[in-house]
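Notes follow once the structure below has been shown.
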Amino acid sequence: MTIGVFDSGVGGLSVLKHLKQQLNNESFIYVADSANAPYGDKTEAFIQQRCLRISEFLSEQQVSAIVVACNTATAAAVKQIREALDIPVVAIEPALKPASLLTKTGKIGVLATMSTLQSKHYNDLLAQYTENVECYEQAAHGLVEQVEAGLLQDTRTLQLLQQYLQPMIKQGVDCIVLGCTHYPFLMNPIEGVVGKNVTVIETGAAIAERLKKILADTAGYTPSRGQSRDRYFSSSDTQHAKNMIALLMGLDVEVEMLPV
Ligand code: DGL
């Protein structure tokens, strides 16, 4: 079975890591739309158009399911993708529910793109799950660009993290939701800023569980026996994407130019 996975760039690799761990015999096609990253400051119409184009491309490669490994793309376009395709589409959204169940101080923080925080999709989640908690949101401008450039520990990245996280900590949050798939690659510096008493939540593992369940329910999934064969596409510099996959996943792969 082949699963399609896409993101505005390399952030979705943080989800792919978990997918490959939990469905280790399956094959994956990963698309990084890095020429258009970040999606977070694009219009909803633009994000929808790119997501539909990429989803159609993946569907043409005969994938059995698509994982939208991007919170911003989910918020803007998951409805349209589901309407356009007749295969299962698994989407990612900020972990507001787990965070509101976990918090002891009754205060949680959310780090996401501006586009996600302003979306109806996100605000519906907020209304559903955070009635009894105080939620401190921060649009983390600039972090996606830092991760896309592979600058995981540089001075600007650390400055941005201080600037975005310190105010939440001062407010007394004890759970921080990483509402963008690029941010788990900053887990070490994030934990350095927030300290040991704050739980930082990412959703990659939960998405892999959800995909397995959906495949079992809809496609009668049983694990493949053969060797998996993954393909990687980027809409930007394929050599840079190759270097980023080596840095972020420790894999030496070939990256093809995305033809759409
Ligand atoms: N990884 C995307 C997300 O989860 C990044 C969004 C962007 O490109 O701005 O939201």
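Order of appearance sets the numbers: ligands from 1, and atoms from 1 within every ligand. Excluded from the calculations below are hydrogen atoms, water molecules and symmetry mates; all remaining heavy atoms, backbone and side chain alike, are included.
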No-hydrogen, no-angle side-chain donor-acceptor test under 3.5 Å, [X] and [Y]:
X: Q239; Y: N243; value: yes
X: T2; Y: Q62; value: no
X: T157; Y: D154; value: yes

Worksheet item: What protein heavy atom sits nearest atom 9 (O) of ligand 1, and how far off is it?
Response: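 Atom 9 (O) of ligand 1 sits closest to the protein heavy atom G40 N, 2.7 Å.
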Worksheet item: Tell me: protein heavy atom nearest atom 7 (C) of ligand 1, and distance?
Response: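 Closest protein heavy atom to atom 7 (C) of ligand 1: Y39 N, 3.2 Å.
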Discussion item. For L165, is there any backbone N or O sitting under 3.5 Å from a side-chain donor or acceptor partner on Q138?
Written reply: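 Side chain of Q138 to backbone of L165, a donor-acceptor pair under 3.5 Å: no, none is there.
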Item to complete: Without swapping roles, check the side chain of K20 against the backbone of F28 for a donor-acceptor pair under 3.5 Å.
Response: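 A pair under 3.5 Å: no.
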Run the numbers for me: atoms of ligand 1, each under 4.0 Å from some heavy atom of [X], listed by number.
X: D7; result: 1 (N), 2 (C)
X: T113; result: 6 (C), 9 (O)
X: C180; result: 1 (N), 2 (C), 3 (C), 4 (O), 5 (C), 10 (O)
X: S8; result: 5 (C), 6 (C), 7 (C), 8 (O)
X: H182; result: 1 (N), 2 (C), 5 (C)
X: P38; result: 7 (C), 8 (O), 9 (O)

Worksheet item: How are the rings of Y39 and F46 set to each other: parallel, tilted or perpendicular (split at 30° and 60°)?
Response: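 Geometry flag for F46 against Y39: perpendicular rings.
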Practice prompt. Can you figure out which of T72, I92, T181 has its heavy atom closest to atom 1 (N) of ligand 1?
Written response: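 It is T181 whose heavy atom sits nearest to atom 1 (N) of ligand 1.
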Practice prompt. Could you walk me through whether F57 and F233 pass ring pair (Phe, Tyr, Trp, His ring centres under 6.0 Å), step by step?
Written response: CA-CA 11 Å; F57 166 74; F233 290 87; 5.1 Å; yes
Worksheet item: Closer than 4.0 angstrom: is that true for some heavy atom of C70 and an atom of ligand 1?
Response: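 It does; at least one heavy atom falls under 4.0 Å.
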